[in-house]
Amino acid sequence: MAATATAMAIATISPSAPIPSAPFPSLGLRLRLRLRPQPLLLAASRRLLLPVPKASSWDDSVAEEGGDAEESAAAGDQEEDDEDEKPRPEPVSSSEFQFAAPPEGYVEPAAFDELPPESPEDVAAAYESLYGPAFSGESLLGNNVYEVKVVDPIDMDREQRPNDDFTERVVQVNRVTKVVKGGRQLSYRAIVVVGDMKGHVGVGVGKAKEVTEAITKAAMNGRRNLVTVPLTKYSTFPHRADADYGAARVMLRPACPGSGVIAGGAVRVVLEMAGVENALGKQLRSKNPLNNARATIKATQTMKQFKDVAEERGVPMEELWK
């Protein structure tokens, strides 16, 4: 009776509560194996008891969505029809456009193919009217400049200056020392640029015991070394050029009218004395004024006019423009 009561008490306990042990070990083990809940079977039974939706509910939802899509499509077609019904401007035909009547005495020019052929003289004259005498074939290169009567500075007075069209500009005056057996001899070295503002320029150097005498010697030395700078009718270079002299390097570039001389140092002085009004100059290496001035002279001598290039190639000047 005691075992039967114990079994009935265990059966009434909930599955989650701990199962008390029986007084007899073997009987308690059998009861625990028999009365232990099986969660997998209970979960499976619960799934089977869930309500199953009707088959017609999916079809009804699909039908409702299809109806909404048809209604939106019909509304869009209605809007497009409303837009098509809006008034639009009528296109203007090209036949209604009227050109302005030509003035009285107007003669329609002949076609390009019907014009008479132009002679080389006509072509050269047309280019000369556009680009000026610098492009007409007249060469300004070479050392055939104005003949200047050179006077030895030793035989002339200090205040005496040659009477010509050249202008002098002092670039630098330095005090130099010469070491001799008896000691040091002090003197002055002057760098002067001489030019006539018409394409002729020269750089000279002179040394003397006094500043004025050194400037006079440098000016005469510059007149002995005159060169001609090629210029166009716009007072600029025909093309770009670079040159080196010693450790100095100078870059020269042509410029449009109204630019002025954009350069500094000795390069600016040389270009202004030569008559250049529109140009670009740059000192790239050494700042020595004498080397930069001579490098500028060297760069201008590498420039060529169109006539010289045509003669070297053996072709007429008009061929260079094609």
Side-chain angles (χ1 to χ4, degrees), residues 120 123-148 164-169 171 192-204 222-245 248-284 291-322:
V123 176
Y127 279 114
E128 182 177 355
S129 62
L130 291 174
Y131 300 100
F135 300 90
S136 62
E138 181 181 358
S139 176
L140 299 177
L141 288 176
N143 294 327
N144 51 348
V145 298
Y146 303 115
E147 295 182 2
V148 181
D164 52 20
D165 297 334
F166 289 88
T167 306
E168 303 172 3
R169 184 178 296 184
V171 177
V192 179
V193 178
V194 181
D196 62 349
M197 307 291 184
K198 299 178 181 178
H200 304 96
V201 67
V203 179
R223 284 177 170 82
R224 292 192 185 100
N225 300 309
L226 288 175
V227 297
T228 303
V229 179
L231 301 175
T232 66
K233 75 171 186 176
Y234 300 112
S235 299
T236 186
F237 303 124
H239 56 84
R240 59 178 60 188
D242 300 339
D244 299 339
Y245 191 92
R249 182 177 180 83
V250 172
M251 176 186 67
L252 299 180
R253 298 290 185 268
C256 59
S259 300
V261 179
I262 305 176
V267 179
R268 183 183 185 88
V269 177
V270 173
L271 297 182
E272 290 180 351
M273 290 291 100
V276 179
E277 298 179 1
N278 304 295
L280 305 175
K282 180 67 177 177
Q283 301 176 5
L284 299 179
N291 287 347
N292 281 298
R294 289 178 174 174
T296 306
I297 296 293
K298 184 178 178 180
T300 58
Q301 296 305 291
T302 60
M303 299 178 183
K304 296 183 180 180
Q305 297 283 9
F306 288 89
K307 178 63 176 179
D308 301 332
V309 177
E311 290 179 357
E312 291 179 1
R313 298 182 183 181
V315 297
M317 193 181 66
E318 301 81 36
E319 295 293 332
L320 299 178
W321 302 99
K322 293 183 179 180

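Being a predicted model, the structure only gives us computed values, none of them experimental.
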Would you check, one step at a time, whether the test side-chain contact (heavy atoms from CB on, under 4.5 Å) holds for Val229 with Phe237? CA-CA 8 Å; Val229 179; Phe237 303 124; 4.0 Å; yes

Any non-hydrogen side-chain atom of Glu168 less than 4.5 Å from a side-chain atom of Arg223? yes

Throw together a table of side-chain donor-acceptor distances under 3.5 angstrom for residues 258-271, partners on residues two or more places apart or in other chains.
from   : atom 1 : to     : atom 2 : distance (Å)
Ser259 : OG     : Cys256 : O      : 2.9
Arg268 : NE     : Glu272 : OE2    : 3.1
Arg268 : NH1    : Val261 : O      : 2.6
Arg268 : NH1    : Ala263 : O      : 3.3

Give a yes or no on whether the backbone of Pro254 and the side-chain of Thr236 come within a donor-acceptor separation of less than 3.5 Å. no

How would you list, by chain and number, every residue that makes a side chain to side chain donor-acceptor pair (under 3.5 Å) with Arg253, sequence neighbours excluded? Asp242

Show the nearest heavy-atom pair for residues Ala279 and Ala255, with the distance to one decimal. N-CB, 3.7 Å

Quick check: closest heavy atoms across Gly275 and Ser235, and the distance to 0.1 Å? O-CB, 4.0 Å

State whether the side chain of Gln283 and the backbone N or O of Met251 hold a donor-acceptor pair below 3.5 Å, judged by distance alone. no

Is a donor on one side and an acceptor on the other found under 3.5 Å between the side chain of His239 and the backbone of Lys304? yes

Is any side-chain heavy atom of Leu231 less than 4.5 Å from a side-chain heavy atom of Val276? yes

Got a salt bridge between Arg313 and Glu319, using NZ or NE/NH1/NH2 to carboxylate O under 4.0 Å? no

Minimum heavy-atom separation for Ala295 and Val250, please, with both atom names. CB-CG2, 3.6 Å

Only residue of Leu226, Thr300, Ile297, Val194 satisfying side chain to side chain contact (heavy atoms under 4.5 Å, CB included) with Val201 is Ile297

Test item: Lys298 side-chain N/O and Asp244 main-chain N/O as donor-acceptor pair under 3.5 Å: yes

Value for CG (Asp165) from NZ (Lys198), rounded to nearest 0.5 Å, stands at 5.5 Å

For a quick test of reading the model, state the closest non-hydrogen atom pair linking Arg249 to Asn292 and the distance between them. O-OD1, 4.4 Å

If every non-hydrogen atom of Asn291 is compared with every non-hydrogen atom of Ala248, which pair is closest and at what distance? CB-CB, 3.7 Å

